[in-house]
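To keep things clear, I will list the structure first and then write my remarks on it.
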Amino acid sequence: VQLQASGGGLVQAGGSLRLSCAASGRTFSSYTMGWFRQAPGKERELVAAISRYSLSTYYTDSVKGRFTISRDNAENTVYLQTNSLKPEDTAVYYCAADNSPRVRVANSYDFWGQGTQVTVSS
């Protein structure tokens with residue numbers, strides 16, 4: 001599966017962005033999907049993930065209550081709604097697809113898109 005992320009940009013603290021990740025192929029619903037981020041000098045971290053049919057989700061503690069992951073299997077797209085953004089959310093955000101039937105908190109997803117830059121100014 002090929003993934004194309006979009007929606008990043010420059011926003012002031014407290015603002016919002018909606019990231020999108022469009023997938024190619026007809027097997028999108030067979031993948032757990034995740035959004036990762038990597039800030040300069042830091043390790044890549046899993047921000048949010050969603051199971052194949054949206055039955056389960058995962059959020060890292062720092063984004064709980066502010067970010068929402070969702071997916072539209074008919075449109076082969078996964079979204080990350082980011083609200084109340086903070087400067088520490090600044091990073092390159094990546095979407096990824098995982099063959100696992102369950103949400104895994106891991107960096108070893110199977111397919112990766114290119115990143116989209118999110119910059120939050122104070």
Side-chain angles (χ1 to χ4, degrees):
V1 62
Q2 293 183 322
L3 305 172
Q4 180 76 34
S6 61
L10 173 63
V11 64
Q12 289 187 334
S16 300
L17 287 172
R18 190 191 197 202
L19 307 184
S20 299
C21 176
S24 64
R26 291 178 284 182
T27 59
F28 178 72
S29 61
S30 66
Y31 296 102
T32 290
M33 298 299 298
W35 284 97
F36 292 76
R37 67 185 179 188
Q38 187 166 22
K42 294 187 177 181
E43 293 187 353
R44 184 173 61 194
E45 67 168 338
L46 177 62
V47 175
I50 188 167
S51 61
R52 296 171 174 177
Y53 295 100
S54 306
L55 296 179
S56 63
T57 57
Y58 163 83
Y59 297 94
T60 193
D61 285 345
S62 62
V63 308
K64 285 180 181 177
R66 300 188 298 121
F67 290 11
T68 303
I69 189 170
S70 62
R71 66 189 296 165
D72 184 338
N73 287 345
E75 295 293 330
N76 284 6
T77 303
V78 61
Y79 303 97
L80 186 67
Q81 178 66 44
T82 66
N83 298 328
S84 301
L85 283 162
K86 304 175 181 180
E88 52 264 42
D89 294 317
T90 296
V92 178
Y93 284 70
Y94 300 87
C95 62
D98 189 22
N99 274 312
S100 172
R102 293 178 298 276
V103 170
R104 294 190 305 130
V105 183
N107 279 331
S108 58
Y109 277 39
D110 297 291
F111 302 97
W112 293 83
Q114 94 297 349
T116 186
Q117 176 72 46
V118 172
T119 303
V120 185
S121 63
S122 58

If I compare all heavy atoms of [X] with all of [Y], which pair ends up nearest, and what's the gap?
X     : Y     : value
Lys42 : Gln38 : O-NE2, 3.1 Å
Ala23 : Leu3  : CB-CD2, 3.6 Å
Ser24 : Asn76 : C-ND2, 4.5 Å
Arg71 : Phe28 : NH2-O, 3.0 Å
Ala97 : Val1  : CB-CG1, 4.0 Å

Short side-chain to backbone donor-acceptor contact, [X] and [Y], under 3.5 Å:
X      : Y     : value
Ser84  : Gly14 : no
Arg104 : Ala49 : no
Gln4   : Cys21 : no
Thr77  : Asp72 : no
Tyr59  : Ile69 : yes
Thr57  : Ile50 : no
Thr116 : Ser6  : no
Asn73  : Ser30 : no
Tyr109 : Cys95 : no

Is the charged tip of [X] near the ring of [Y]: under 6.0 Å from the six-membered ring centre and within 45° of its axis?
X      : Y      : value
Arg44  : Trp112 : yes
Arg18  : Tyr79  : yes
Arg102 : Tyr58  : no

Any chain of hydrophobic side-chain contacts (each under 4.5 Å) joining [X] to [Y]?
X      : Y     : result
Val105 : Phe36 : yes
Tyr94  : Leu17 : no
Val63  : Val78 : yes

Rounded distance [0.5 Å steps], [atom1] in [X] versus [atom2] in [Y]:
X     : Y      : atom1 : atom2 : result
Asn83 : Thr68  : CG    : OG1   : 6.5 Å
Glu88 : Ser62  : CD    : OG    : 8.5 Å
Arg52 : Ser100 : CZ    : OG    : 7.5 Å
Gln12 : Ser122 : CD    : OG    : 9.5 Å

Under the criterion side chain to side chain contact (heavy atoms under 4.5 Å, CB included), which of Thr90, Val47, Leu46 is the partner of Arg37?
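The passing option is Val47.
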Given Leu10, Val92, Leu19, the one that forms side chain to side chain contact (heavy atoms under 4.5 Å, CB included) with Val118
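Testing each of Leu10, Val92, Leu19 against Val118, the sole residue satisfying side chain to side chain contact (heavy atoms under 4.5 Å, CB included) is Leu19.
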Under-4.0 Å salt bridge between Asp61 and Lys64
yes
Decide yes or no for [X] and [Y]: does some side-chain heavy atom of the first lie under 4.5 Å from some side-chain heavy atom of the second?
X     : Y      : value
Tyr93 : Gln117 : no
Tyr31 : Asn99  : yes
Thr82 : Arg66  : no

Is the number of heavy atoms from other residues, nucleotides or ligands under 6.0 Å of Gln2 CD greater than 12?
no
